[in-house]
Amino acid sequence: MAPIRRTHQITAATRLFALVALCVPVIYDPSRVTLLALAGVTGVWLVATVLERRPRLAIATPPFEAAMTGVVCGLTLDPSLTVLLALAVPPFLSALARGLLGTLLAISAELVAVVSLALLFQGHLTAEQSLAIFTWTMAGLGLGMIGSFLHVNLHLEVDELAPYLDAQRLIRQLLDLSDDLSSGLDVTSLAGAVVSDVRDSLPTTGLAVYVPRGEVLVPLVSRGDVDLGNSEELAVESWARSEPMVHDHAFAFPMGDSVVVAGRLSPDAELDVTEIERSILALPQTLRAKSVQLDTALLFSDFRDSASADVRKRLAREMHDGVAQDIASLGYLVDALAARPADEKQAKAFAMLRERITKIVAEVRQSVLTLRTSIGESESLGAAISTVSRHLSESSGIPIQVTLDEHSTRLRPEVEAELFRITQEAMNNAIKHAQCSTIEVNCQVKAPAALITIADDGRGLQKARSDSHGLKIMRERARLVGADLSIDDNPGGGLMVAVRLGAGR
């Protein structure tokens, strides 16, 4: 909607509202003068509404409306003051059209008109009349300032590059600041430092650091006893209440905006309940510095994952709309040439070329599917692996058996994403290069630990090609989330890729 059209809609609505407001006192004082005043104001505003929609007359409409409103008010000032409410409207409408200058011109025009006519017909202004004129003029000035603000915003041109320029500035600041981060931005290391400090302050058998994921908490790191009992429930309650909680030997307390620490106290230690509670209550303040560092690392991780997802989607679009279409066009050209071969030898060559092009198109389309596939909020890591393995099996004809052993607690989104990509790449490599007949995938997840193995019955580990980067990328992905990646030959033949995270290592 154009700014001029929006301005016309606002002015029409303002005039209608003001007329309704004028009608209320007229109902209680239906004198001849007030009725004439209401009719005069209505006529002036109707004419102004028509004139402002004509481009050649629009610029003269605001001062005309202000002056004529002042004339009506001056002629009907005695004995009724009701009509003076109309003096507040023209400054606002003039501001919408011309800004603050329009407000000042409108106030000047209507003051000159109302005061001149009042003095001409009455000879003087009473104190009550002067006060009423001043009051409604000041109201018009205030509304005019609001109208000036709306004028600027209605006519402000939206710069489509503004979000990108802001992003450039913020990213440059982030790059400059990253050099000064003494503790780095590794989430797992920072969370481990938090656990170490808590264990130094409290005798515990198990500790875990949790981060929110939607409506639930997921473990970031854990140390000691894996089974924390009711500590996990206490962590959810502590997060919901935003305060430390202690119950029996379990405790939990929030750190910053997005981290909760929970654990169990050692049953063998001689515990002074009062002292323990005092220590737990003091921990959030003691760990404030590490809390800020960990919150920063989590935000950076979210930013990196979002950027990576955008890059994958862009590459998928470019491959689908560019490379895949170009190769498919070559296939159509080969089909046209193969329709009239010069001899049998050339026909066989065309057939072999067409078969090769078909295979390349299938691989490109599979790569597009790989780039676009991701883990949704609702499905687990194992479910996502099962889905992509089914697609790969259907397109390649190689059976892929997936075995899942997952607990209900989820891993962090960025960890699940990297483990999913590693598994996906390992299955793709087995299909393309292993010459295998079956692939077996085993996925065990008990957050924050996980173990995923991908085994095939193919020809085993081959000499790396100079143009192959798959294994290097898989190792980089594992390193990003603090996991270990191993690639070994199976004793019975084939290759096994294993990625271990947390207690699974």
Side-chain angles (χ1 to χ4, degrees), residues 174 184-192 194 208-222 232 235-236 239-240 254-262 291 293-316 369-389 402 404-426 441 443-452 473-474 476-485 499-505:
L174 178 62
L185 290 170
D186 183 73
V187 173
T188 304
S189 298
L190 292 172
V194 170
V209 177
Y210 297 87
V211 292
R213 178 171 183 170
E215 299 297 324
V216 299
L217 296 176
V218 299
L220 187 59
V221 296
S222 63
E232 294 186 6
V236 174
W239 173 48
M255 277 181 51
D257 298 327
S258 56
V259 177
V260 179
V261 179
S291 171
Q293 294 170 351
L294 184 54
D295 280 344
T296 304
L298 288 168
L299 286 172
F300 179 78
S301 178
D302 291 342
F303 169 75
R304 182 192 64 202
D305 294 337
S306 176
S308 299
D310 287 341
V311 170
R312 287 197 302 270
K313 291 177 181 177
R314 179 179 59 81
L315 288 175
L369 176 63
T370 299
L371 287 169
R372 295 191 64 87
T373 305
S374 60
I375 299 178
E377 283 293 324
S378 57
E379 63 177 353
S380 66
L381 173 61
I385 291 175
S386 297
T387 299
V388 74
S389 66
V402 179
L404 302 180
D405 180 13
E406 291 187 295
H407 289 244
S408 58
T409 306
R410 298 281 296 271
L411 296 166
R412 296 188 346 260
E414 63 271 22
V415 174
E416 286 187 348
E418 297 300 346
L419 295 181
F420 172 75
R421 293 293 171 188
I422 291 172
T423 307
Q424 191 178 40
E425 180 66 20
V441 179
C443 176
Q444 301 175 20
V445 178
K446 186 176 182 180
L451 171 62
I452 302 176
I473 292 174
M474 289 165 63
E476 289 175 352
R477 290 188 182 279
R479 195 180 307 116
L480 281 175
V481 295
D484 286 338
L485 182 74
V499 55
R500 297 174 178 84
L501 176 72
R505 287 187 283 179

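Values below: every heavy atom of this structure, side chains too, minus hydrogens, waters and symmetry copies.
For the side-chain contact (heavy atoms from CB on, under 4.5 Å) test, residues two or more places apart in sequence or in another chain that qualify with Leu480 are Arg304, Glu418. Scanning for side-chain contact (heavy atoms from CB on, under 4.5 Å) contacts around Leu299 gives an empty result, with sequence neighbours left out. Residues meeting the side-chain contact (heavy atoms from CB on, under 4.5 Å) test with Val236, sequence neighbours left out: Leu217. Legend: residues meeting side-chain contact (heavy atoms from CB on, under 4.5 Å) with Ala240, ordered by chain and number and at least two apart, are absent.
Note that CD of Glu406 and CD of Gln444 are 10.5 Å apart. Values are rounded to the nearest 0.5 Å.
In terms of heavy-atom proximity, Phe420 sits nearest to Ala384 at CE1-O, 3.5 Å. The nearest pair of heavy atoms linking Leu294 to Val187 is CD1-O, 3.8 Å. Here the closest heavy-atom approach between residue Gly482 and residue Leu501 is recorded as O-CD1, 4.0 Å. Of all heavy-atom pairs spanning Gly382 and Cys443, the tightest one is CA-SG, 4.2 Å.
Side-chain contact between Val218 and Val211 is present, with heavy atoms from C-beta onward closer than 4.5 Å. Residues Arg477 and Val499 fail the side-chain proximity criterion, which asks for heavy atoms closer than 4.5 Å.
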Practice item. For side chain to side chain contact (heavy atoms under 4.5 Å, CB included), just list the numbers for Leu404 and Ser386, CA-CA rounded to whole Å, side-chain angles, deciding distance to a tenth of an Å, and then say yes or no. Key: CA-CA 9 Å; Leu404 302 180; Ser386 297; 3.7 Å; yes
